[in-house]
**Q** 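This is the structure, below, for whatever I ask next.
Letters go in sequence order (proteins before strands), and every chain restarts at 1.
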Amino acid sequence: MRDSDNAFPEKNRLLAASDYRKVFSRPVRSTDKYFTVLATAGSSNEPRLGLAISKKNTRLATDRNRLKRIVRESFRHHKEIVSGLDLVVMAKFGAAQADNRKLFESLSRHWKNLSNKLNDT
RNA sequence: GGAGCCAGCCAGAUGGUCGCUGUCAGCAGCCUGAUUGAGUCAGUGUUGGCAGAGGAAAGUCCGGACUUCACAGGACAGGAUGCCAGGUAACGCCUGGGAGGCGAGAGCCUACGGCCAGUGCAGCAGAAAAUAUACCGCCAGACUUGUUCUGGUAAGGGUGAAAUGGUGCGGUAAGAGCGCACCGCGCUUCUGGUAACAGUAAGCGGCAGGGUAAACCCCAUCCGAAGCAAGACCAAAUAGGGAAACAACCAGCUUUCGGGCUGACCCCGUGGUCCGCGGGAGUUUCCGGGUAGGUUGCAUGAGGUGAUCGGUGACGGUCAUCCCAGAUGAAUGACCAUCCACGACAGAAUCCGGCUUAUGGCUGGCUCUCCUU
RNA sequence: CGGAGCGUAGCGCAGCUUGGUAGCGCACCACAAUGGGGUUGUGGGGGUCGAAGGUUCAAAUCCUUUCGCUCCGA
């Protein structure tokens, strides 16, 4: 087992529709002009990630795929920060036009923001 | 050099670090499931090898395969297609040919059957818009001599998108296919071609009688409907349905002696407790349907590549060879370095054959034009 | 992924069947009535009919392609 590294296996994902419902019902939010990130305390120590990128805000399938990859990439590099959280990332309208570096910066701010908020409560 | 036409090809490259999906091989482990005499298989973890978006993956505009439902056969309705021949699993696609049109040319484009079956439509203008006619004219005659009437005419003028073939000569009161010549048109025959169709071929007819079928329609050919969220299988929990076993089997009433009915016992709530009141009827197993969820459908195919043969070609035959994405909150990426032309349009979702639309670049052939020789 | 429908004035709609004039309500502007406003009455303006081609003498209407929006099916 090499849990300490940056892998992204299946246990780090939100899989069922019921998992998503749990996150949407009582979330802690973090928002900027690219993303809205929702979070709740998860059931285990493993953080879990879900994506909700709508066709309405991001018209082209190519752009949607790019955003998903970037979010997953950022998530696996910051797993220690968000450990124990269930997260859902929603893309906003301007996200598709931004370049990759900006998006990575935005996401790492969200991870820190949310882990602080949840540890305070 | 410039403008353009046609065909074909590519879809940033190389290296490093981290990561994802599938598959093959090895290892781990006995955690989960199945089954068993050990064990094996599937899942799981891990190491290594290999593979991992498109020419349009798009729009969903056509055609199939594949599923489920319906179905003897046929007809009607509805829809699609529409020059001819061929290709194909099939097509509204492709190839070749014909006809018509566009262009200076290379070339390109065409819903290209039928208004001699029937019905409908045509505003305004114009005398008249589909079956006949005459506004201005032209000509003749009449007498009431004039802004008159009657008749003839369709050559000229004017309207319109569209007005009953064109030119010339003859002819005539003026005219007219009224007659003739040539052109055009139609029909018959002949010749060439599988056919569409073509012909400087022969003969006949003075000449059909307008347009519109992306108007209804007629003719010929084709089509059952819905779609992988189709469909098949496994199946927790909860409620409910059916069956069996166990537990209970106390009292009363009844009986055709199998049993049936009523009440209590029991559990929960109220309450300090009893009565009372309100609610619930036990436990276990199995069966069928079936939700969450999972598995499958799901990738060896009308497949690719090469050679060769047949064909003008689309394409087909034979032989050899290869296995080439398979996700399911949804993989094919991120970062760094170097190079160059500094990277357009854009992301598989059951699978194929087309069409259409978006779009960067390279190569070859051809046409026109300009300059130089 | 698959299936169905809708784009007409600032807004909500009709007209498309069977092609020739684009119309209705609200809103807007002007005028009248009032000392002023509202209400009412009269009159008026405003349209690439989502876009591009085609058929036709003529297209919002017929045909083809395309863009956008809405709804339905685990």
**Q** Hydrogens and angles aside, do A:Asn12 and A:Arg76 bring a side-chain donor and acceptor to less than 3.5 Å of each other?
**A** no
**Q** With under 30° as parallel and over 60° as perpendicular, where do the rings of A:His78 and A:Trp111 fit, or are they tilted in between?
**A** tilted
**Q** Verify the contact: side-chain N or O of A:Asn65 to OP1 or OP2 of B:G333, cut-off strictly under 4.0 Å; return yes or no.
**A** no
**Q** What is the distance from atom CZ of A:Arg64 to atom CG of A:Asn57, rounded to the nearest 0.5 Å?
**A** 10.5 Å
**Q** Does B:A330 have OP1 or OP2 sitting under 4.0 Å from an N or O in the side chain of A:Arg13?
**A** yes
**Q** Remember a base hit wins even if backbone is also touched, and classify A:Leu51 as base, sugar-phosphate or nothing at under 4.0 Å, heavy atoms.
**A** base
**Q** Phosphate oxygens OP1/OP2 of B:G347: is one of them under 4.0 Å from a side-chain N or O of A:Thr62?
**A** yes
**Q** Quick one: the dot-bracket string of RNA chain C, using Watson-Crick and G-U wobble pairs with both distances under 3.5 Å, [ ] for crossing pairs and | for bases paired to another strand.
**A** (((((((..((((......[..)))).(((((.......))))).....(((((..]....)))))))))))).
**Q** Can you find a donor-acceptor N/O pair under 3.5 angstrom joining the side chain of A:Arg72 to the base of B:C20?
**A** no
**Q** Report yes if the side chains of A:Arg29 and A:Leu38 come closer than 4.5 Å at any heavy-atom pair, otherwise no.
**A** yes
**Q** Ignoring hydrogens and geometry beyond distance, is the side chain of A:Arg69 in donor-acceptor contact with the base of B:G347 at under 3.5 Å?
**A** yes
**Q** If a protein heavy atom is under 4.0 Å from the base, mark B; if only from the sugar-phosphate, S; if neither, -; do that for nucleotides 65-74 of chain C going 5' to 3'.
**A** ----SS----
